[in-house]
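See below for the structure under consideration.
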Amino acid sequence: LQHRDFEGRIIGLDLSKEMLKQAKTKLAGVPNVTFIHHPAEQLPFEDATFDLVTALEMIEFTSNPTQLLREAHRVLLPSGLLLVTWRKNVFMPGKFKYKMK
């Protein structure tokens with residue numbers, strides 16, 4: 001986030017106000033960071049906007065992972081990178097709302 005050659009913007013989007021609050025605290029002082037309270041299944045950005053989109057250990061909490069992935073793809077530049085991680089949530093059983101095929 002503070003690499004000397006990085007000149008971009010970082011946008012953190014979450015449906016949880018508490019998670020956004022924690023992110024703001026952890027990234028206080030980091031320049032060019034914006035936080036948005038919004039569902040990931042309906043991203044408020046134009047097509048082909050981002051070089052990189054990440055969905056890190058959150059897809060298991062969404063009600064429609066397919067729509068989330070469509071939106072992530074939509075907002076990526078043609079040469080963009082999508083990074084998705086998920087895991088079986090052993091600490092909160094029943095939170096995984098979608099069966100990955």
Side-chain angles (χ1 to χ4, degrees):
L1 292 175
Q2 295 183 4
H3 190 278
R4 66 175 186 245
D5 295 330
F6 181 73
E7 297 177 358
R9 287 182 52 208
I10 298 169
I11 298 176
L13 181 139
D14 205 300
L15 191 57
S16 167
K17 290 181 180 180
E18 182 58 34
M19 289 293 103
L20 289 171
K21 182 179 175 183
Q22 289 182 33
K24 287 177 185 178
T25 299
K26 289 181 179 183
L27 297 177
V30 176
N32 299 321
V33 179
T34 302
F35 297 99
I36 300 172
H37 178 246
H38 201 277
E41 295 91 349
Q42 300 169 341
L43 296 173
F45 308 109
E46 294 183 23
D47 296 355
T49 299
F50 297 99
D51 296 307
L52 172 67
V53 173
T54 64
L56 305 177
E57 296 187 19
M58 55 78 59
I59 198 167
E60 60 267 31
F61 297 102
T62 186
S63 61
N64 192 337
T66 301
Q67 180 60 28
L68 179 144
L69 294 172
R70 280 189 189 114
E71 280 293 281
H73 181 260
R74 179 185 66 77
V75 300
L76 271 176
L77 290 165
S79 61
L81 178 65
L82 172 61
L83 177 61
V84 178
T85 63
W86 73 88
R87 64 182 164 147
K88 183 176 180 181
N89 196 328
V90 296
F91 299 108
M92 291 184 276
K95 285 290 185 179
F96 195 81
K97 297 179 182 178
Y98 186 81
K99 290 186 179 183
M100 302 303 278
K101 296 178 182 178

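All heavy atoms count here, side chains included; hydrogens, waters and symmetry mates do not.
Without hydrogens or angle criteria, T85 side chain to E57 main chain gives a donor-acceptor distance under 3.5 Å. Using modelled atom types, one side-chain atom of E71 and one backbone atom of L43 make a donor-acceptor pair closer than 3.5 Å. Remark: side-chain polar atoms of R74 are paired, donor with acceptor, to backbone N or O of F45 under 3.5 angstrom.
Here the closest heavy-atom approach between residue L82 and residue L76 is recorded as CB-CD1, 3.7 Å. Residues N32 and G8 approach most closely at CB-O, 3.5 Å, considering heavy atoms. Minimum heavy-atom separation, L77 to A48: CD2-O, 3.0 Å. When all heavy atoms of L15 and P39 are compared, the pair lying nearest together is CD1-N, 4.0 Å. Shown here for V84 and L69, the closest heavy-atom pair between the two residues is CG2-CD2, 3.8 Å.
Between L68 and M58 there is a side-chain heavy-atom pair separated by less than 4.5 Å.
Other residues, nucleotides and ligands place more than 12 heavy atoms under 6.0 Å from the NE2 atom of H37. Around CD of E46, the count of heavy atoms belonging to other residues, nucleotides or ligands within 6.0 Å does not exceed 12.
No continuous path of ILVMFWY side-chain contacts below 4.5 Å connects L81 to I10, so the two sit in separate hydrophobic clusters.
In this structure, F35 has no ring-ring contact (aromatic ring centres under 6.0 Å, His included) partners at least two apart in sequence or on a different chain.
Interatomic distance, S16 OG to K21 NZ, rounded to the nearest 0.5 Å: 11.0 Å. Taking CG of L20 as the reference point, atom OG1 of T25 lies at 10.5 Å (rounded to 0.5 Å).
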